[in-house]
Amino acid sequence: MLKVQNIRKVFNEGTVNEKIALDNLSLELKPGDFVTVIGGNGAGKSTLMNAVSGAYPVDEGKILIDGVDVTHLPEYKRAKYIGRVFQDPMMGTAATMQIEENMALAARRGKFRSLLPGITKKERAYYKEQLATLELGLENRMTAKVGLLSGGQRQALTLLMAVLKKPKLLLLDEHTAALDPKTAAKVLETTQKIVEKNNLTTLMITHNMKDAIAFGNRLIMMNNGHIVVDVSGDEKKNLTVKQLLDMFSAASGSDEADDKLLLS
Amino acid sequence: MTGFLNALPGAISQGLIWGIMALGLYITFKVLELSDLTVDGSLCTGGAVCVMMMVNGANVWLAMLVATLAGAATGAVTGFFHTKCKIPAILSGILTQFGLWSVNLAIMDMNPTVRVDAEKFGALVSSNFVNEVKKGRMAFYKHPIFVVALLIIALIAVMYWFFGTEKGASIRATGTNAHMARAQGINTDANKMVGLMLSNGLVALAGALLCQYNGFTEIAMGRGAIVIGLAAIVIGDVLFAKLFRNFALKLAAVAIGAVVYQVVVQFVVSVLDINTNYMKLFTALIIAVFLTIPNFQGKIFKKSRKERSHA
Ligand SMILES: Nc1ncnc2c1ncn2[C@@H]1O[C@H](COP(=O)(O)OP(=O)(O)OP(=O)(O)O)[C@@H](O)[C@H]1O
Ligand SMILES: [Mg+2]
């Protein structure tokens, strides 16, 4: 479903701040794969997602989504294939617009935007139904401005918007990191439900080792712009946090695992 | 005081024309959250095109239509600088505005002012009509207040419809959160372009009406226009923010804000008898005050709430 071939991304090339964020990285996802991504700060996880989503161009390599070469497509055109939820709850929704307006915008992802009404009665009923599945009571606040919602509510809504028009690929970049533990757990649970129901090919970055093991059918670990660990199937299911930490130390060549990784 | 009252219909007429300009500005400043300074130039472009066409025998409606399109073209230039050349929006607008001075002068055949006789060339609005209607020599529906108010109602209706469409909603999203917009497949650059074109089209239309009203166009007419438009938006917002939640009403508030501004200016000039030289200083202060009020209100409101919760 997703094919990333030998991509390379260098920031500030030729300066003292030069940083090779992605170094000849390749990755292939089969339809229905739910891959969790871990790695220390600055490992290149977000850069990988931004490269796939087209937020910035890659220097070398190719990216294919469901056989379509999207390497040179601008971000807004790739959006046709991709649903996204960001770390910052502010980023995924239009705060000054209503809940239903946000959903209507998302439902038209990848379609030509005409001079027909931005939202119809029939859609409203459908959105109401969909919102109800979040079990947050948002179905009764359809015309409320999204800016009034809490971070968790916004992330849940963004998630729903990302899959309203079924994407070929769902990208989640630490989408629960800004939430309190209880809300984070709830949003993760919703994520699981949505991914399973729609059988979505998913890439999920997390800093929580337990979550990385518990969710999905495959786990990759990144370091310095490389994929250093790639486990799936039973091997992944039976992983422990301790093993993962050992793998990290071995891969990064330091005996001390990253602070943030240890925390979780 | 009677001088002020006599001048009131004229001030309201001009206020309404500036209201159209402010509606255009609203699209960039409020909807797209973009600071576009093209308007100081495009206002004059609208006036110049309209007047030159009229004195050359064109129908007034055709002249206004072409003036509007010319304004849209100036917006497209700024849009090009901003979205294609990646120049910051403010600077893009300044560049267009600066260059337009030459273009506008060329449109006006290198004359800094060009007169247009309202009656002779069939103007839609004119300051003369205000008196003519008053003296009963002209039907009331030719009064500039009536004509421009109708035009504003029509424009607000169209804007209300447009920003409710798929395209219009995507422009609103572009202004609120370009990141989200792109993630939802919206071409934010194209939308900024459309917004800038619509905005400057309206500004040019206002310029066309203003020149007809005054009976002439002059190369410097747009100088400071942005400040007057901004004043209208800010005044409308402060006066009606609590009352008007609906988008159409918010647009109406902008037009009313423009009228309030002109009336206040008239009051200052004719009642307080202040030298018109100080109008610019006065305007700057008014806007500063009106921009301060919302923050100030917020503080007082919070304080009283806190006090209540302590009680
Ligand atoms: N826009 C940018 N300009 C310059 N350098 C950047 C940019 N974005 C990322 N980098 C650098 O690229 C490297 C990889 O960053 P990236 O954001 O992909 O890391 P990450 O794995 O997502 O880390 P984190 O866990 O902290 O989110 C870092 O060294 C970062 O400083
Ligand atoms: Mg990151």
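Reckoned from all heavy atoms, side chains included, excluding hydrogens, waters and symmetry mates. Order of the sequence lines sets the chain letters (A, B, ...), proteins ahead of strands, with each chain counted from 1.
For A/R113 against B/S170, the heavy-atom pair with the smallest separation is CD-CB, 3.6 Å. Among all heavy-atom pairs drawn from B/A183 and A/A79, the shortest one is O-CB, 3.3 Å. Of all heavy-atom pairs between A/L105 and B/A173, the closest is CD1-CB, 3.6 Å.
In this structure, CD1 on B/I186 lies 11.5 Å from CD on A/E75, to the nearest 0.5 angstrom. Atom OG1 of A/T96 is separated from atom CD of B/E33 by 7.0 Å, given to the nearest 0.5 angstrom. In this structure, CZ in A/R84 is found 8.5 Å from CZ in B/R182, a value given to the nearest 0.5 Å.
Considering only heavy atoms from C-beta on, B/M180 comes within 4.5 Å of A/M161 through its side chain. Looking at A/L116 and B/T165, their side chains never come closer than 4.5 Å, going by heavy atoms from C-beta outward. You'll find the side chain of A/Y76 reaches within 4.5 Å of the side chain of B/N187, heavy atoms only.
Within the 4.5 angstrom heavy-atom criterion, atoms from both the backbone and the side chain of A/M91 approach chain B. Proximity to chain B (any heavy atom under 4.5 Å) is restricted, for A/F86, to the side chain, taken from C-beta onward. For A/S53, no part sits under 4.5 Å from any heavy atom of chain B, backbone or side chain. Only the side chain of B/F162 comes within contact range of chain A, with heavy atoms under 4.5 Å apart.
Around atom CE of A/M1, more than 12 heavy atoms belonging to other residues, nucleotides or ligands sit under 6.0 Å away. Sparse packing is recorded around NZ of A/K62, with 12 or fewer heavy atoms of other residues, nucleotides or ligands lying under 6.0 Å away.
Using a 4.0 Å cut-off between charged side-chain N and carboxylate O, A/E101 and B/R172 make a salt bridge.
Using a distance-only test at 3.5 Å, with no hydrogens or angles considered, a donor-acceptor pair links the side chain of B/E166 to the main chain of A/S114.
Comparing A/I119, A/T158, A/L115, A/I82 by how many heavy-atom pairs each has under 4.5 Å with chain B, the most go to A/L115.
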Test side chain to side chain contact (heavy atoms under 4.5 Å, CB included) applied to B/N177 and A/T93, step by step:
CA-CA 7 Å; B/N177 186 349; A/T93 45; 5.6 Å; no
